[in-house]
> 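Okay, handing you the structure first.
All values derive from a computational prediction rather than experimental measurement.
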Amino acid sequence: MGSRADPGTVEVAQLVAWLETFGRLVHEERDHLTALDAAIGDADHGLNLDRGMRAVVERLHADRPATVDALFKTVGMTLVSTVGGASGPLYGTFFLRFGTAAGPVDELDAAGLATALRAGVGGVVARGKAEPGDKTMVDALEPAVTAYERAVGSGPEHAAAAASEAAEAGRDATIPMVARKGRASYLAERSAGHLDPGATSSALLLRALADALAGTLPETTDGRA
Amino acid sequence: MGSRADPGTVEVAQLVAWLETFGRLVHEERDHLTALDAAIGDADHGLNLDRGMRAVVERLHADRPATVDALFKTVGMTLVSTVGGASGPLYGTFFLRFGTAAGPVDELDAAGLATALRAGVGGVVARGKAEPGDKTMVDALEPAVTAYERAVGSGPEHAAAAASEAAEAGRDATIPMVARKGRASYLAERSAGHLDPGATSSALLLRALADALAGTLPETTDGRA
Amino acid sequence: MKKLVNDPQHVVTDALVGVEAAYLGRLAVDHEHRVVYRADAPVAGKVALVSGGGSGHEPLHGGFVGPGMLDAACAGEVFTSPTPDQVLAADQHVDAGAGILHIVKNYTGDVMNFDMAVELAEGGSPIATVVTNDDVAVEDSLYTAGRRGIGVTVVVEKIAGAAAEGRRDLSAVADVARRVNDNGRSMGVALTSCTVPAVGRPTFDLAEDELEIGVGIHGEPGRSRGRLGTASEVAEQLVVPITDDLDFTGAPVIAMLSGLGGTPLIELYLMYGEIARILGRRNVTVARTLVGNYITSLEMAGCSLTLVRADDELLDLWDAPVDTPGLRWGA
Amino acid sequence: MKKLVNDPQHVVTDALVGVEAAYLGRLAVDHEHRVVYRADAPVAGKVALVSGGGSGHEPLHGGFVGPGMLDAACAGEVFTSPTPDQVLAADQHVDAGAGILHIVKNYTGDVMNFDMAVELAEGGSPIATVVTNDDVAVEDSLYTAGRRGIGVTVVVEKIAGAAAEGRRDLSAVADVARRVNDNGRSMGVALTSCTVPAVGRPTFDLAEDELEIGVGIHGEPGRSRGRLGTASEVAEQLVVPITDDLDFTGAPVIAMLSGLGGTPLIELYLMYGEIARILGRRNVTVARTLVGNYITSLEMAGCSLTLVRADDELLDLWDAPVDTPGLRWGA
Ligand SMILES: Nc1ncnc2c1ncn2[C@@H]1O[C@H](COP(=O)(O)OP(=O)(O)O)[C@@H](O)[C@H]1O
Ligand SMILES: Nc1ncnc2c1ncn2[C@@H]1O[C@H](COP(=O)(O)OP(=O)(O)O)[C@@H](O)[C@H]1O
Ligand SMILES: [Mg+2]
Ligand SMILES: [Mg+2]
Ligand SMILES: [Mg+2]
Ligand SMILES: [Mg+2]
């Protein structure tokens, strides 16, 4: 709150907080993400994303862009050039499209954030061609953005909280799925019974957004914090 | 006993029994010999000797030479051509020299056996250049033959029993020795504290001789069997 | 984890220092972008061949850089595809103006990163891409990521390399590369897992009598698990799915039996004897053979078999001189 | 024990079937005597090079048979020297009347069996013997078996092979072989043991953080045990005893870093980077390099370093064409 001008909008500083929180969560969950990837992939997802998000956070400490599009272009390109694997281009594209949709602004309102998130998910789908049910990060991202859009009227904080919950439900729903995209697809039936690593990191991305916005915006009428 | 003509002499059949007994003991002790070699060598002594003695016994079943020299030429050459490693040429030479020293006879008396054994050990030393104390099969063979020579007057059975005891004492004496010949010598001080595999198999060779002769010759005055 | 490494996080960077030292004058290394390239690149008038992928498969790909094979290889992190920047840097180091061929193993990450590199490329030669997908362990389907690219990649790099060295143009080099891929099939088995250095634990566990059948080259679990039988049984498990998938009779075949990194050559020789016997029984005529470590998975024990249905032209290209750390003849 | 074998007792026999199938037309195999020899042997007017030893060190020795290197190799049982009959058969297969050179690694068994073969030889060409003994891990002394022959054997076989191919006579070929041996030193380290197939259990045990320093190539324990440090520390443990034993400055050096069978190439590259750095600091100039699996100990993890102090003549012989499964260039 502090000096914030409009309590219904999200400033660059909060978006940076989102990224920093995501970086912290990824670092804390690194070994867990890698272990999930060992079960149905190649045991590097946590390492990949942690390497990328550390680079992102360092980059932002050295030089923080003033506008949302510039910020996310930096983030996207940093991920693309440091992560590799499937998740590098996918998360990279997510943030690049997010930034382009947001444009050269220095804050986003609830609806602007919705547009940017939708564009980000669209980028992941365009790049990876996964559909919901394929046991990928899309299974967390897609329901999350839909939940955000449904809750957009209650403001960014609550919409982000709803998105985070939906992402976690989407993540858990990947357990019984048989993978049809990415490395886990090679396992066919043997991929069932495991959490998808990318869906798990995507749930952290939404959890980070909810956490970064929590308490920074005024309470709404339904009394939720 | 049975149809034996002279109780103080050893016939070809008994020498064959010696070799068969040695083959059986080596087979029974194969894994132990290999384990001893794993500790200070390359984990093959039991395998090597078992392969060789099986070939010897098979060969003798197919065609048993009638004279001592022919018998041991077959044995020696079979070992040389099937064992490999250090023990192949060494045991091979032992038997080749044993046969040559015995000559084209069909039995050996106690002294003839002494001469043959001494020639055999001489062959091992000529081939391997080991001296007593070098932690090799010589440490079992040399005292065994000396013990046999000392007891030669009491007949082949008792002399062989004395040789077997001396071989076992010689074998045990290798434990504290630091190897100066063969593969164990690469270990220098680390070779101490272990039985030498070749001395252990040589003790079996003398045990087999004692067993093969035991009870086949009449008791001597000291009442030992 | 017992490995000859310094910091497990910096294995790839450190290994490239060794590659540079070992092949001084033959290979150059761009350490910032982790690109290994021909010391004499760009080679005038020649289509440039660029490949790359996760590290841990050595000699693939850096060990196949040199006259007659690749111009450059991008080394990703262990088992992680390289990033578009790396591919762009590789292209720039070797582009002689005659076109660039990207040889990409079919993995989502590899395909996407090479694709992004092509999207981001500005100026430079035209780029063609060949995606290898020879692994019969993976059920193919329009709705999945498709078959993985494994052993055939080595053969594609060799034969396309010879075509490029012979100054064929980009589309002709790409065509021959596709032809090799289309006529190639592979299958692998693992006896043990591997340990990604930065992870420090084996990727999977196998019991003392278990075999992972149809294993990937990244320690991805395979098609199924089975009991480890005799070499002769394992050879059947490799040959049958390959020859069921494509008819290899009536043409000269290139056979490659690659160790996965931890299997001694004596076992590979022994396995090849069993494989040759089964192929003979199935009327498959092997014209060229490679037995050794060509596409590996760190220290995994096991092997993969690749068969390519060739013809006289492909055999000539195969026989052409090659001078790389991992494959060398006639030069 | 997890191995790609049929009957563990018949590994060598079975592997030779694979060698024959894989190198048809280039190598011939005498299965009765377990001899691998050049398909075109005897080669008129050429000194014949015969080596051999226990199996389990592949590609040594059978993988080094071919033009420019060995004429024949005898394969003993795993880690057991071949018998005199095998050596005699090898000699007969390749004797062209110009003399035979036996290249023997200094192990009691190998020396005695090759000696007996010479004693038993009837007719045939004159035979000279070179015994390699380059392992600095073993203290040398008149009263012991002396140093073991390890990695330098590969370099001796390559260089003497080139000299023989160039039609030098027996004493000249033997001289150059001895010169290489006299100027070569090696040192190895193991991270894990190996398992002799017929035994089924690892030869020794090493704790998770232990290193066997100065290990032999037969799973014989080494000079001492140490804590496994970084690659850079291990590189010191290899380079220092070698360069302390012989002055390698002021001459072009041939460096070979061989994996022991279970170590992936990425680790060997990384190790070579560290070794090159240390050699540079000690003013040793490496003129030729080999990094890969050349003299192994089944699936043991670890590596051995061999340095040979060369000169222009030896480098020329090193660079001469060689065409064998394990080493090939210029042909
Ligand atoms: N085509 C795709 N579309 C969307 N997400 C994908 C796709 N392929 C893979 N993923 C996601 O990427 C995750 C794996 O990422 P990571 O382990 O970093 O890459 P890699 O599989 O190349 O090792 C998977 O768990 C999955 O969620
Ligand atoms: N020079 C030698 N003289 C006598 N015996 C020797 C000599 N060298 C080795 N031995 C004996 O050989 C035994 C090892 O035999 P074996 O394991 O079959 O051969 P290798 O050492 O070639 O593997 C040693 O335990 C030792 O008793
Ligand atoms: Mg992964
Ligand atoms: Mg032994
Ligand atoms: Mg990966
Ligand atoms: Mg041995």
> Looking only at non-hydrogen atoms, find the nearest pair between C:Thr289 and D:Ala22 and report the distance.
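That would be CB-O, 3.6 Å.
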> Considering only heavy atoms, give the residues of residues 324-331 of chain C separated from chain D by less than 4.5 Å, sorted numerically, with 'none' for an empty result.
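The stretch touches chain D at C:Pro325, C:Arg328, C:Trp329, C:Gly330, C:Ala331.
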> Determine the option with the most heavy-atom pairs under 4.5 angstrom with chain D, choosing from C:Gly229, C:Pro197, C:Ser232.
C:Ser232
> Chain C heavy atoms under 4.5 Å from D:Leu228: which part of the residue, side chain, backbone, both or neither?
side chain
> D:Val11 versus chain C, heavy atoms under 4.5 Å apart: side chain, backbone, both or neither?
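Backbone plus side chain of D:Val11, per the 4.5 Å heavy-atom cut-off to chain C.
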> Counting only heavy atoms closer than 4.5 Å, note whether D:Thr263 contacts chain C via side chain, backbone, both or neither.
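D:Thr263 touches chain C through backbone and side-chain heavy atoms alike.
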> Under 4.5 Å, heavy atom to heavy atom: which of residues 56-66 of chain C reach chain D? Give them by number, or say none.
C:Gly56, C:Glu58, C:Pro59, C:Gly63
> Measure distances from D:Asn293 to the heavy atoms of chain C and classify the residue's part below 4.5 Å as side chain, backbone, both or neither.
side chain
> Would you give me the side-chain donor-acceptor pairs under 3.5 Å for residues 269-279 of chain C, sequence neighbours excluded?
from, atom 1, to, atom 2, distance (Å)
C:Glu274, OE1, C:Arg277, NE, 3.4
C:Glu274, OE1, C:Arg277, NH2, 2.5
C:Glu274, OE2, D:Asn6, ND2, 2.8

> A side-chain contact here means heavy atoms from C-beta on lying under 4.5 Å apart; do D:Thr230 and C:Val5 qualify?
no
> For each of D:Leu16, D:Leu265, D:Ile266, tally heavy-atom pairs with chain C at distances under 4.5 Å, and name the one with the top tally.
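Of the candidates given, the most pairs with chain C belong to D:Ile266.
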> Using a cut-off of under 4.5 Å for heavy-atom pairs, which of D:Asp14, D:Val17, D:Thr192, D:Leu191 has the most such pairs with chain C?
D:Leu191
> If you count heavy-atom pairs under 4.5 Å between each of C:Ala231, C:Gly18, C:Gly302 and chain D, which one has the most?
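Ranked by contacts with chain D, first place is C:Ala231.
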> For C:Arg201, is the CZ atom crowded, meaning more than 12 foreign heavy atoms sit under 6.0 Å from it?
no
> For D:Val291, which atoms come within 4.5 Å of any heavy atom of chain C: side chain, backbone, both, or neither?
both
> Do any side-chain atoms of residues 206-215 of chain C form donor-acceptor pairs under 3.5 angstrom with protein atoms, and if so which ones, sequence neighbours left out?
from, atom 1, to, atom 2, distance (Å)
C:Glu208, OE2, D:Met1, N, 2.5
C:Glu210, OE1, C:Ala207, N, 2.9
C:Glu212, OE1, C:Arg225, NE, 2.6
C:Glu212, OE1, C:Arg225, NH2, 3.0
C:Glu212, OE2, A:Arg190, NH1, 2.9
C:Glu212, OE2, A:Arg190, NH2, 3.1
C:Glu212, OE2, C:Gly222, N, 2.7

> Within a strict 4.5 Å, meaning less than it, do heavy atoms of the C:Pro264 and D:Thr296 side chains meet?
no
